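Just so it is clear, the structure is predicted and the values come from calculations on it, not from any experiment. Scope of the values below: all heavy atoms of this structure, side chains included, with no hydrogens, waters or symmetry mates. Chain identifiers are assigned alphabetically (A, B, ...) following the order of the sequence lines, protein sequences preceding nucleic acid strands; residue numbering begins at 1 within each chain.
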Amino acid sequence: MIARVLPDVAALERVFDYLIPEPLRDQVRVGTIVRIDLHGRRVGGWVVEVTDAPATDRPLKPLAKVTGWGPAPELVELSSWAAWRWAGRRSAFLRAASPQVAVRSLPSATGSARALSTRSGSISAGDSRRISTQNGGTGVTVVRVPPAADVVPHVLDGLGDADGLVLASSVGAAARLARRLRDTGRRVALMPRDWAMAAGGGCTVVGARAAAWAPVPALGAVVVVDEHDEAYQEERAPTWNARDVALERARRADAPAVLLSPCPSLEALEAGELVTLRRADEREGWPVLEIVDRRRDDPTRGLYSERLVQLLRSERRVVCVLNRKGRARLLACAACGELARCEHCGAVVAQLEATLVCRRCEQERPAVCAACGSTRLKVLRPGVTRVQEDLDRLAGRPVVVGTEAALHREEAADAVAFLDFDQELLAPRYRAGEEAMALLARAARLVGGRDRDGRLLVQTRVPRHEVLDAVVHADPGRLAVVESARRAALRLPPEAAVAIVSGEAAERFVFAVEGVELLGPTDGRWMLRAPDHATLCHALAAVPRPPGRLRVEVDPLRA
DNA sequence: CGGACAAGCTGA
DNA sequence: CAGCTTGTCCGG
């Protein structure tokens, strides 16, 4: 018998045949992780096929060693699909589907999740208004769960009695969710720690992005919590998305998939049938949004509206958010009025700590006016550090001020105030609206819903923006309608499938791709656009990789 | 990727 | 021409 092995060697997308030594025969199957002698060195790899017909006439070497269990055959197959879908290497996906340490044996499943599961936490059928008729069958359901509502009943509902895969948007969220699910009596494997347990079967498998590749022997359900979260997308190429991998797994296993989100992505709405809660229930799950219209405010008040200061002086625990790091993003000399710019390249400099740092070339210099030598610089655009000092003074007590990372760091608050929300609403990124919505949902989770008197405050000059309108009405559908039409008009995802190609070999590569639209280059990046993923991915796959650095981002978060 | 080997460059 | 760098090829 012969093992066809894909080596775990970057830039080597070929399989090689090896003899399976007799004593190893019962340990080697599709997915098994092995070590092989290749071209004078010993490397790891995956068995991707077991055959008796070698693909070469040359004498075969034997496998050097069996390392242990690897991805199940269906995940080996899925890795080929993912390599096509995100124009990447199979090994990148097989690595994600492999245990972090060698697994020599699998624990036997001590009863299935089914036997141990209880349905006590499940929501009753009447709680949600099903727009579609599907229930428990196969297919994709998108459930819009408001931010302050508990997702666990919806997760249990999505899992039913099956062994399922549950994805959460961060490692911490996955660990918390695993604990909650264990409390309901289910047997739960938390990835990546419990890889072997998951592979043994009979449990619910929970994890973050990489867990989309977790072993689930009898996959009966897939649930993705906070499906809109950009953390599900791998930033490095191949830029695969865990939600999309999970959906494809569900489709192949003929298992139902449930996507949960307070603000479903347009991609999710396209993939499945939307289910919403009763209007009153969804409304309860969003906090009150207070819009501070700054269009007529005195510009000298800067970021500090009367209403903000009033809120900070109240007894409420307020978290202020400003996505500008450091002390100042723009400064001018207090003596001569000259803008603080880089002596090297002329771009504006920011003040992160003591020194001035160029935002383009990262050159550093002391905080002194280059024109007149004055050390007095005034802040035209403050960053969080400076705002913190100002607000402490205005509030007469310490105030929590941070970038959006503060929303992940803080446990709870009575109110979240976005000091300059226009920066989010009007960001020059095609997903800015959805990202701003996700930010408000995140903040909403911190402060709770109307029942807890949670409050969001945004300072803006676009008070009628559809994102704000959607949150005011606790109806994310209002944004989806507008956003969907805009994407269609601009032919951006999910209306079209696009890929961004960059790197020294980009030009050679994009001109070899046929049958798709080519735009650019902008800043050395090209955009390839096609009506759908099938067209785009087939076109990309038809072109051999030229030598040199090449980065292909399919479904870029920033186009 | 990284080892093997060939071709090119340098200095005595 | 030894000793080194750089480039190209290829793996079972």
Side-chain angles (χ1 to χ4, degrees), chain A residues 1-73 75-103 192 210 213 234-240 499 501-512 540-554:
Chain A
M1 287 297 265
I2 290 156
R4 196 149 286 156
V5 177
L6 179 74
D8 184 8
V9 172
L12 184 49
E13 274 264 81
R14 280 181 58 196
V15 292
F16 298 89
D17 288 350
Y18 287 84
L19 291 169
I20 306 176
E22 189 57 43
L24 300 181
R25 188 152 295 180
D26 59 346
Q27 295 177 48
V28 176
R29 65 219 111 210
V30 171
T32 302
I33 298 172
V34 294
R35 292 194 69 79
I36 51 172
D37 290 314
L38 180 72
H39 209 52
R41 60 197 173 117
R42 186 161 288 190
V43 296
W46 296 271
V47 175
V48 294
E49 208 182 320
V50 175
T51 175
D52 43 23
T56 175
D57 293 335
R58 51 195 302 161
L60 301 185
K61 294 179 180 176
L63 293 174
K65 187 172 174 266
V66 169
T67 302
W69 288 85
L75 287 175
V76 173
E77 240 180 74
L78 192 69
S79 76
S80 299
W81 170 81
W84 168 82
R85 176 65 176 70
W86 285 285
R89 299 200 165 89
R90 263 174 108 181
S91 56
F93 302 107
L94 291 172
R95 221 169 286 143
S98 300
Q100 290 181 333
V101 290
V103 170
W213 295 94
E234 172 64 58
E235 283 179 29
R236 291 161 299 187
T239 53
W240 59 278
V501 184
S502 56
E504 66 181 66
E507 184 165 344
R508 214 158 347 122
F509 182 78
V510 293
F511 280 104
L540 292 174
V543 178
R545 293 283 177 123
R549 289 192 72 80
L550 181 71
R551 179 177 156 92
V552 181
E553 293 170 72
V554 178

Query raised in the report: Can you list the residues that meet the salt bridge (Lys or Arg N to Asp or Glu O under 4.0 Å) rule with A/Arg236, with sequence neighbours excluded?
Result: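 Per chain and number, A/Arg236 pairs via salt bridge (Lys or Arg N to Asp or Glu O under 4.0 Å) with A/Glu234.
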
Query raised in the report: salt bridge (Lys or Arg N to Asp or Glu O under 4.0 Å) with A/Arg25: which residues, sequence neighbours excluded?
Result: A/Glu22

Query raised in the report: If you round to the nearest 0.5 Å, how far is CD1 of A/Ile20 from CG of A/Asp52?
Result: 10.0 Å

Report task. Please round to the nearest 0.5 Å and tell me the distance separating atom NZ of A/Lys65 and atom CG of A/Leu63. Result ->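 Result: 12.0 Å between the selected atoms.
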
Query - Any pair counted as salt bridge (charged side-chain N to carboxylate O under 4.0 Å, His left out), so long as it reaches residues 30-49 of chain A, sequence neighbours left out - result: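 Output for this query lists A/Arg4-A/Glu49, A/Asp37-A/Arg42.
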
Query raised in the report: Near DNA chain B, under 4.0 Å by heavy atom, which residues of residues 6-39 of chain A?
Result: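 Result for residues 6-39 of chain A: A/Val9, A/Ala10, A/Ala11, A/His39, sorted by number.
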
Report task. Could you list by number each residue of residues 82-94 of chain A showing a heavy-atom separation from DNA chain B of less than 4.0 Å, or answer none if no residue does? Result -> none

Query - chain A footprint on DNA chain C, 5' to 3' - any atom under 4.0 Å from a heavy atom - result: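 Under 4.0 Å from chain A, the extent on DNA chain C is C/dC10 to C/dG12.
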
List for me each residue that meets side-chain hydrogen bond (donor to acceptor under 3.5 Å, both in side chains) alongside [X], sequence neighbours excluded, and say none if there are none.
| X | result |
| --- | --- |
| A/Arg551 | A/Glu553 |
| A/Thr51 | none |
| A/Trp213 | none |

Report task. Using side chain to side chain contact (heavy atoms under 4.5 Å, CB included) as the criterion, list what pairs up with A/Thr32, not counting sequence neighbours. Result ->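 Expected list: A/Arg29, A/Val34, A/Val47, A/Val66.
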
Could you give the side-chain donor-acceptor pairs of residues 86-94 of chain A under 3.5 Å, partners two or more places apart or in another chain?
from	atom 1	to	atom 2	distance (Å)
A/Trp86	NE1	A/Thr239	O	3.4
A/Arg90	NE	A/Ser80	OG	3.1
A/Arg90	NH2	A/Ser80	OG	3.3

Query raised in the report: When you measure from every atom of DNA chain C, which of residues 60-67 of chain A have a heavy atom less than 4.0 Å away?
Result: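 Listed by number, they are A/Leu60, A/Lys61.
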
Requested in this report: Would you indicate whether the side-chain heavy atoms of A/Ser98 and A/Trp46 approach each other to under 4.5 Å?
Outcome: yes

Query - Flag if over 12 foreign heavy atoms under 6.0 Å of CD, A/Gln100 - result: no

